[in-house]
Amino acid sequence: MLSKSILKQIKSLEQRKYRKESGLFVAEGGKTVNDLIACGLGIERILATREWLDSHTLNGEHEVTEVTEDELKRASFLRAPQGILAVFEQPHYTIDYDAPTRRLCLALDNVQDPGNLGTIVRIADWFGIEEIYCATGTADIYNPKCIQATMGAAGRVKIFYTDLPEFLSKTKGHAPIYGTFLDGEDVYNKQLSTNGIIVMGNEGNGIGNECALHVNERLLIPNYPIGRETSESLNVSVATAIICSEFRRRMG
């Protein structure tokens with residue numbers, strides 16, 4: 001049975017303020033929940049319907065509160081609940097300023113849409129990128145919509161919120177800093193490294209001036225054919241996928 005106090009706690013986690021105060025976040029769906037459990041994240045509670053429990057397996061032995069479909073619907077942030085909901089503890093990481101000197105990392109300059117951020121985290125996970133450095137104006141990774149879009153990748157990719165221009169200034173000179181610009185060099189013809197930072201910008205404004213000052217390798221994703229009238233820009237998550245794919249393709 002789902003108590004009023006637990007329901008209130010879960011619903012409060014839709015707001016960033018309460019997620020920050022409690023250090024908790026909500027994940028829904030069997031794959032996402034199981035992936036986060038496999039990553040070793042602390043678990044506050046798990047709610048599941050009898051139907052889900054009878055037809056699915058949960059990673060490890062955990063106490064589960066059995067709820068009705070109606071109770072889960074009241075707790076869920078989804079239009080169509082997926083049978084299981086879990087409240088996890090947010091992991092805490094220490095920024096590794098030397099990571100870009102050893103491997104490829106991402107940086108996000110105020111990406112504001114939770115769906116875009118979640119998709120980018122999933123893309124990073126797919127291409128083996130382990131760290132994403134976010135400007136403080138970037139959407140909250142623990143937003144329920146964002147967690148849903150990551151499909152469990154939020155437990156494998158480390159997300160940091162920091163003063164991004166300052167972070168890039170510390171990295172500049174030690175590792176290449178890439179960024180996408182309309183006046184950049186064709187990514188398919190440019191020499192790319194196996195380490196460094198790829199900066200992706202805000203949905204409407206691209207990379208801001210403060211971060212752009214530290215970019216020393218400007219990239220362009222060309223449209224086809226060149227010169228043809230086309231869309232003004234690509235969605236930031238789509239652009240991230242194209243850029244990451246090209247970097248990884250060069251690594252053979």
Side-chain angles (χ1 to χ4, degrees), residues 1-93 111-130 132 134 138-159 161 237 241:
M1 182 176 177
L2 183 61
S3 70
K4 289 183 179 179
S5 62
I6 292 176
L7 178 60
K8 183 179 179 180
Q9 181 207 42
I10 292 171
K11 299 305 285 187
S12 75
L13 296 176
E14 188 171 20
Q15 298 181 48
R16 187 171 192 165
K17 172 186 174 182
Y18 293 110
R19 292 194 297 271
K20 187 174 182 178
E21 286 180 359
S22 65
L24 302 173
F25 71 96
V26 173
E28 301 190 56
K31 183 186 184 308
T32 299
V33 170
N34 270 328
D35 277 6
L36 293 174
I37 290 174
C39 292
L41 271 64
I43 302 168
E44 175 81 2
R45 61 176 41 88
I46 300 174
L47 312 179
T49 63
R50 172 46 51 189
E51 182 181 10
W52 191 91
L53 292 169
D54 287 342
S55 56
H56 298 82
T57 302
L58 193 63
N59 281 345
E61 296 292 327
H62 305 281
E63 183 178 343
V64 179
T65 300
E66 187 177 325
V67 295
T68 65
E69 290 186 14
D70 183 62
E71 287 175 326
L72 189 64
K73 189 174 293 185
R74 281 190 281 139
S76 175
F77 298 116
L78 303 177
R79 290 184 180 179
Q82 299 178 13
I84 184 170
L85 177 154
V87 178
F88 286 94
E89 297 173 2
Q90 297 177 19
H92 298 284
Y93 307 115
V111 171
Q112 296 181 332
D113 181 79
N116 280 338
L117 176 57
T119 301
I120 289 170
V121 173
R122 192 175 175 184
I123 289 165
D125 188 37
W126 182 262
F127 287 109
I129 294 174
E130 300 174 357
I132 300 179
C134 300
T138 300
D140 181 16
I141 180 62
Y142 299 113
N143 180 305
K145 292 180 181 178
C146 189
I147 288 294
Q148 199 64 26
T150 69
M151 292 298 290
R156 290 182 290 270
V157 179
K158 295 178 180 178
I159 315 296
Y161 288 84
S237 59

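Hydrogens, waters and symmetry mates play no part in the numbers below; they use all other heavy atoms, side chains included.
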Trainee: Start with the C-alpha distance between Phe77 and Ile147, add both sets of side-chain angles, then the distance that settles side chain to side chain contact (heavy atoms under 4.5 Å, CB included), and finish with yes or no.
Mentor: CA-CA 11 Å; Phe77 298 116; Ile147 288 294; over 6 Å; no
Trainee: I need the minimum non-hydrogen distance between Met151 and Arg122, along with the two atoms involved.
Mentor: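 Smallest interatomic distance, heavy atoms only, reads CG-NH1, 3.4 Å.
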Trainee: Using a 6.0 Å cut-off, check whether atom CD of Gln112 has over 12 heavy atoms from anything other than its own residue.
Mentor: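 Result for CD/Gln112: enclosed.
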Trainee: Do Ile6 and Val87 have side-chain heavy atoms sitting under 4.5 Å apart?
Mentor: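 They are not in side-chain contact.
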Trainee: Can you tell me how far apart CD (Glu14) and NZ (Lys145) are? Round to the nearest 0.5 Å.
Mentor: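 Glu14 CD to Lys145 NZ: 7.5 Å, rounded to 0.5 Å.
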Trainee: Crowded around Glu69 CD? As in, over 12 foreign heavy atoms under 6.0 Å?
Mentor: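 No, the 6.0 Å shell around CD holds no more than 12 heavy atoms from other groups.
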Trainee: Testing the basics here: between Asn143 and Pro114, what is the closest heavy-atom pair and its distance to 0.1 Å?
Mentor: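 Smallest interatomic distance, heavy atoms only, reads ND2-CG, 3.8 Å.
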Trainee: Between Glu130 and Val157, does the side chain to side chain contact (heavy atoms under 4.5 Å, CB included) criterion hold? Intermediate values first, please.
Mentor: CA-CA 5 Å; Glu130 300 174 357; Val157 179; 6.0 Å; no
Trainee: For a quick test of reading the model, state the closest non-hydrogen atom pair linking Gly30 to Ile84 and the distance between them.
Mentor: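 Answer, listing the atom of Gly30 first, then Ile84: N-CG2, 3.5 Å.
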Trainee: Would you indicate whether the side-chain heavy atoms of Leu47 and Ile10 approach each other to under 4.5 Å?
Mentor: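 Yes, side chains in contact.
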Trainee: Keeping the roles fixed (side chain from Glu66, backbone from Thr49), state whether a donor-acceptor pair exists under 3.5 Å.
Mentor: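 No, because the side chain of Glu66 does not come within donor-acceptor range (under 3.5 Å) of the backbone of Thr49.
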Trainee: Salt bridge or not between Asp140 and Lys20? Use side-chain N to carboxylate O under 4.0 Å.
Mentor: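 No.
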Trainee: Report the distance from atom CD1 of Ile132 to atom CG of Leu117, rounding to the nearest 0.5 Å.
Mentor: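 It is 7.0 Å, given to the nearest 0.5 Å.
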Trainee: Mind running side chain to side chain contact (heavy atoms under 4.5 Å, CB included) on Phe25 and Leu36 for me, showing each step along the way?
Mentor: CA-CA 11 Å; Phe25 71 96; Leu36 293 174; 3.9 Å; yes
Trainee: Tell me the closest heavy-atom pair linking Gly115 and Asp113, and the distance in Å.
Mentor: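 Closest approach of Gly115 to Asp113, heavy atoms only: N-OD2, 3.0 Å.
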Trainee: For Ser237 versus Ile123, what's the shortest heavy-atom pair and its separation?
Mentor: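 Answer, listing the atom of Ser237 first, then Ile123: O-CD1, 3.2 Å.
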Trainee: Check this for me: Lys73, atom NZ, are more than 12 non-hydrogen atoms of other residues, nucleotides or ligands nearer than 6.0 Å?
Mentor: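 At most 12 heavy atoms, drawn from other residues, nucleotides or ligands, come within 6.0 Å of this atom.
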Trainee: Measuring from atom CG of Asp125 to atom CZ of Arg156, what distance do you get when rounded to the nearest 0.5 angstrom?
Mentor: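 The CG atom of Asp125 sits 4.0 Å away from the CZ atom of Arg156.
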Trainee: Keeping Ser76 on the side-chain end and Leu72 on the backbone end, is there a donor-acceptor pair under 3.5 Å?
Mentor: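 Not confirmed, Ser76 side chain does not pair with Leu72 backbone.
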Trainee: If you measure from CG on Asn34 to CG on Leu58, what distance do you get to the nearest 0.5 Å?
Mentor: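 The CG atom of Leu58 is 5.0 Å from CG of Asn34, to the nearest 0.5 Å.
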Trainee: Give, for atom CD1 of Ile159 and atom OH of Tyr93, the distance between the pair rounded to the nearest 0.5 Å.
Mentor: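 It comes to 8.0 Å.
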Trainee: Donor-acceptor pair, Arg45 side chain versus Ala86 backbone, under 3.5 Å?
Mentor: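 A pair under 3.5 Å: no.
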Trainee: Check for a donor-acceptor pair, side chain of Gln90 on one end and backbone N or O of Arg19 on the other, with a separation under 3.5 Å.
Mentor: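 Confirmed, Gln90 side chain pairs with Arg19 backbone.
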Trainee: Got a second to check how far Thr68's OG1 is from Leu2's CG, nearest 0.5 Å?
Mentor: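 Answer for the OG1-CG pair, Thr68 versus Leu2, is 8.0 Å.
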Trainee: Stepwise, does the side chain to side chain contact (heavy atoms under 4.5 Å, CB included) test hold for Thr32 with Gln82?
Mentor: CA-CA 11 Å; Thr32 299; Gln82 299 178 13; over 6 Å; no
Trainee: What's the shortest heavy-atom distance between Ala139 and Tyr161, and which atoms?
Mentor: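 Shortest heavy-atom separation between Ala139 and Tyr161 comes out as O-OH, 2.5 Å.
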Trainee: Return yes if some donor-acceptor pair links the side-chain N/O of Tyr142 with the main-chain N/O of Leu13 below 3.5 Å, else return no.
Mentor: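 Side chain of Tyr142 to backbone of Leu13: no pair is present.
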